[in-house]
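Numbering of residues begins at 1 and proceeds along the displayed sequence.
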Amino acid sequence: MFTHRRLRLALATATAASLAGGLLALSAQTAAAATPAKYADDFNGDGYRDYAVGWSGEVTVTYGTATGPGTVTTKFTQNSAGIPGKPGDAGGYGDMFGEGLANADFNRDGYADLAVADRSEKVGTKAGAGAVTILWGARAGLGTKATRIPVTAHADYGFGAALAAGDFNGDGKADLAVADGVHTVYIYRGGFSQSGTTGAVTRHGYSGTLEPTALVAGKVTKDKATDLYVLGQGYKNDKMTQAAWFLRGGTTIRPGRFTTYDASSPDYGPTGVIADFDKNGYGDLAVSDTPYNKHAGSVVVLRGGSDGPATSYRLTQSTAGVATAATAHDSFGSGLSAADTNRDGYPDLAVGVPEEKVGTAKQAGGVHVLRGGAHGLTGTGSQWFTRATAGVPGDATQYGDFGRYVRLRDFDRDGDADLLVSSDYYSPGVLLRAGATGITTDGATEQALIAAFPQ
């Protein structure tokens, strides 16, 4: 029986700017050769990156422009034409269509596609079996065609509990990793088509006890294949813990180190991102540990090495240089996103703290930007933004949850990553532009919420 975890805003996980590296491939739908999409999230092939969010049965796509998110949006549910299945739930869990998303040009036709999970889907007579559907990109954008990927249905397995896209075997084709809500990760190799075929599928289960709740894809080792971390709940000394299991990409996916990073309490909504914070050539995993220290929260960084995860360190609001103090229930780490905000070549980390008190406003929230450097992430030179920060639109309000979702991306394509911060699925987000010295409030604007969640 899969465990119900807190509903969270999901987003299409951006993998590489181009998974195929410019190789030509024959599309499954056309006799002419096509170049795979330059961006793994350019759904309409116009050269601009697009944005997708999903929550509670609905997926919203916002199409990009030369200066960032535009005004053209499309919404999809299982009532939309061409989307297989129907809205519903599994044992009262609610409709989870859209809770997991991953994007890539899966059929290599020049348009990015969007994989959408619904771990609550009833398949045949199997309630809660779960399903994953690919919405195919096209000149008109997403929505003209959709295909469900094959899997043997099992009741209450929650197939689609987590998704991630990447080139896991290094052959230049986009692959798709799918976790169920029990114990298994399925990796579908490239070779996707709109008729429903895929490349070979392998299954990976941890030999001990691990319930997957999130997948994080990225380059950890120095080979050309994408690697994968499986985040989830394990057991240590008969106590439920938080853990990260490393799967090394390659011609054969190899299971690696199992790291327990919190042995005190589980977290059913972990967030993680892979980036080379110290520029040593190995990707590091930054993963949230919000239950830490009475839910004051923390971020654990597993340094990358030649065989995957190596040593680790922990960042909190007690780390030197971090602007705010650690207090119970701040939820430091609820939102994470990584990119270079100040053009120094080191990725930085945006850390959401949605339950931080701001002035007298309880749970008003904010976001820290921690700097990457030769020694990895530190609090030195970090930045702190709330709705009360001069130049940030809006007001710091009680239970505002500002920082619940964060995203770093070069929205205006000027060479540094800007910061999008939001509170929930419905409220406008704040877009803070970056400059040579990092994130600024100059020209800060409120925008409709678009994918303010880790890439």
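Counting heavy atoms from C-beta on, the side chains of R387 and T397 never come closer than 4.5 Å. V406 has its side chain out of reach of V351: every pair of non-hydrogen atoms, C-beta onward, lies at least 4.5 Å apart. Side-chain contact between N169 and I187 is absent, with no heavy-atom pair separated by less than 4.5 Å. Residues I253 and R189 form a side-chain contact, since some pair of their non-hydrogen atoms from C-beta on lies under 4.5 Å apart. The side-chain heavy atoms of L315 and L370, taken from C-beta on, include a pair separated by under 4.5 Å. Looking at heavy atoms from C-beta onward, D42 lies in side-chain contact with D50 at the 4.5 angstrom threshold. With a 4.5 Å cut-off on side-chain heavy atoms, T378 and T319 do not count as touching. Counting heavy atoms from C-beta outward, V132 and V116 have side chains that stay 4.5 Å or more apart.
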TODO: Let me see the working for W245 and L247 under side-chain contact (heavy atoms from CB on, under 4.5 Å), right down to the final yes or no.
DONE: CA-CA 7 Å; W245 178 37; L247 295 176; 3.5 Å; yes

TODO: Step by step, work out the side chain to side chain donor-acceptor pair (under 3.5 Å) result for R303 and T311.
DONE: CA-CA 6 Å; R303 293 185 178 92; T311 58; 2.9 Å; yes

- [ ] Just do the side-chain contact (heavy atoms from CB on, under 4.5 Å) check on L377 and V301 with the steps written out, would you?
- [x] CA-CA 8 Å; L377 291 169; V301 179; 4.1 Å; yes

Open item on the list: I'd like to know whether I134 forms a side-chain contact (heavy atoms from CB on, under 4.5 Å) with N107, so could you lay out the CA-CA distance, the side-chain angles of the two residues, the decisive distance to 0.1 Å, and finally the verdict.
Closed with: CA-CA 10 Å; I134 296 179; N107 62 350; over 6 Å; no

- [ ] Could you check H375 against Y313 for side-chain contact (heavy atoms from CB on, under 4.5 Å), going step by step and ending with a plain yes or no?
- [x] CA-CA 11 Å; H375 301 290; Y313 58 97; over 6 Å; no

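Minimum interatomic distance between A179 and P212 (heavy atoms only, all atoms of both residues): CB-CB, 3.8 Å. When every heavy atom of A177 is checked against every heavy atom of L228, the shortest pair comes out as CB-CD2, 3.9 Å. Across every non-hydrogen atom of G429 and S422, the tightest pair is CA-CB, 4.0 Å. Between F168 and D175, the shortest heavy-atom contact is N-OD2, 2.8 Å. When all heavy atoms of V358 and A388 are compared, the closest pair comes out as CG1-CB, 3.9 Å. Taking every heavy atom of both residues into account, L210 and A243 meet most closely at CD1-CB, 4.4 Å.
Panel note: side chain K219, backbone K224; a donor-acceptor pair is recorded below 3.5 Å. A donor-acceptor contact shorter than 3.5 Å is absent between the side chain of S288 and the backbone of T290. Judged purely by atom type and a 3.5 angstrom limit, D109 uses its side chain to pair as donor or acceptor with the backbone of Y111. Side-chain atoms of D118 do not come within 3.5 Å of backbone N or O of A131 as any donor-acceptor pair. Side-chain atoms of N103 never come within 3.5 Å of backbone atoms of D113 as a donor-acceptor pair (strictly under, hydrogens ignored). For the pair T65 (side chain) and G70 (backbone), a donor-acceptor distance under 3.5 Å is absent. Under a 3.5 Å cut-off, the side chain of D105 and the backbone N or O of G110 do form a donor-acceptor pair. Counting only distance, with no hydrogens or angles, the side chain of Q383 and the backbone of G438 share no donor-acceptor pair below 3.5 Å. Side-chain N or O atoms of D171 include one that pairs as donor or acceptor with a backbone N or O of K173 at under 3.5 Å. The main-chain N or O of L302 is never found under 3.5 Å from a side-chain atom of S312 such that the two would form a donor-acceptor pair.
Remark: K75 engages E58, T60 in a side chain to side chain contact (heavy atoms under 4.5 Å, CB included) (not counting sequence neighbours). In this view, F402 satisfies the ring pair (Phe, Tyr, Trp, His ring centres under 6.0 Å) rule with no residue, not counting sequence neighbours. For D223, the salt bridge (Lys or Arg N to Asp or Glu O under 4.0 Å) criterion is met by R248, not counting sequence neighbours. Under the side chain to side chain contact (heavy atoms under 4.5 Å, CB included) criterion, Y261 pairs with Q242, A244, P270, V287, D289, V300, not counting sequence neighbours. Remark: T241 pairs with K236, T260, A263 by the side chain to side chain contact (heavy atoms under 4.5 Å, CB included) rule, at least two apart or across chains. Shown here are the ring pair (Phe, Tyr, Trp, His ring centres under 6.0 Å) partners of F246, two or more places apart in sequence or in another chain: Y229. In terms of the side chain to side chain contact (heavy atoms under 4.5 Å, CB included) criterion, residue partners of D278 (sequence neighbours excluded) are, by chain and number, D276, N280, D284. Scored by the ring pair (Phe, Tyr, Trp, His ring centres under 6.0 Å) test, F76 finds no partners at all (sequence neighbours excluded). By the ring pair (Phe, Tyr, Trp, His ring centres under 6.0 Å) test, Y186 pairs with F159, sequence neighbours left out.
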Show me, pair by pair, the donor-acceptor contacts under 3.5 angstrom made by side chains of residues 411-419, not counting sequence neighbours?
{"residue": "D414", "atom": "OD1", "partner": "D416", "partner atom": "N", "Å": "3.4"}
{"residue": "D416", "atom": "OD2", "partner": "R343", "partner atom": "NE", "Å": "2.6"}
{"residue": "D416", "atom": "OD2", "partner": "R343", "partner atom": "NH2", "Å": "2.7"}
{"residue": "D418", "atom": "OD1", "partner": "A434", "partner atom": "N", "Å": "2.8"}
{"residue": "D418", "atom": "OD2", "partner": "F411", "partner atom": "N", "Å": "3.1"}

Give the table of side-chain donor-acceptor pairs shorter than 3.5 Å for residues 359-368, with sequence neighbours excluded, one pair per line with atom names and distance.
{"residue": "Q363", "atom": "NE2", "partner": "D401", "partner atom": "OD1", "Å": "2.7"}
{"residue": "H368", "atom": "NE2", "partner": "Q317", "partner atom": "OE1", "Å": "3.3"}
{"residue": "H368", "atom": "NE2", "partner": "T324", "partner atom": "OG1", "Å": "2.9"}

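With no hydrogens or angles considered, a side-chain donor-acceptor pair links R371 and T341 at under 3.5 Å.
Here Y48 contributes atom OH and Y39 contributes atom OH; the two are 10.0 Å apart, rounded to the nearest 0.5 Å. Summarising the geometry, atom OG1 belonging to T77 is positioned 8.0 Å from atom CG belonging to D95; distances are rounded to the nearest 0.5 Å. Separating the CG atom in D41 from the CZ atom in R49 is a distance of 4.5 Å, to the nearest 0.5 Å. Between atom OG of residue S337 and atom CZ of residue R407 there is a gap of 6.5 Å, rounded to the nearest 0.5 Å. Rounding to the nearest 0.5 angstrom, the gap separating the CG atom in L142 from the CH2 atom in W136 is 11.0 Å. Taken to the nearest 0.5 Å, the CG atom of D46 stands 9.5 Å off from the OH atom of Y63.
Partner L432 forms a side-chain contact (heavy atoms from CB on, under 4.5 Å) with one of V392, L420, D442 and no other, that one being V392.
Within the structure, every pair that satisfies the ring-ring contact (aromatic ring centres under 6.0 Å, His included) test and touches residues 283-304, not counting sequence neighbours, is listed here: H295-H329.
By the 6.0 Å contact criterion, CZ on R257 is enclosed, its count of non-hydrogen atoms from other residues, nucleotides or ligands being greater than 12.
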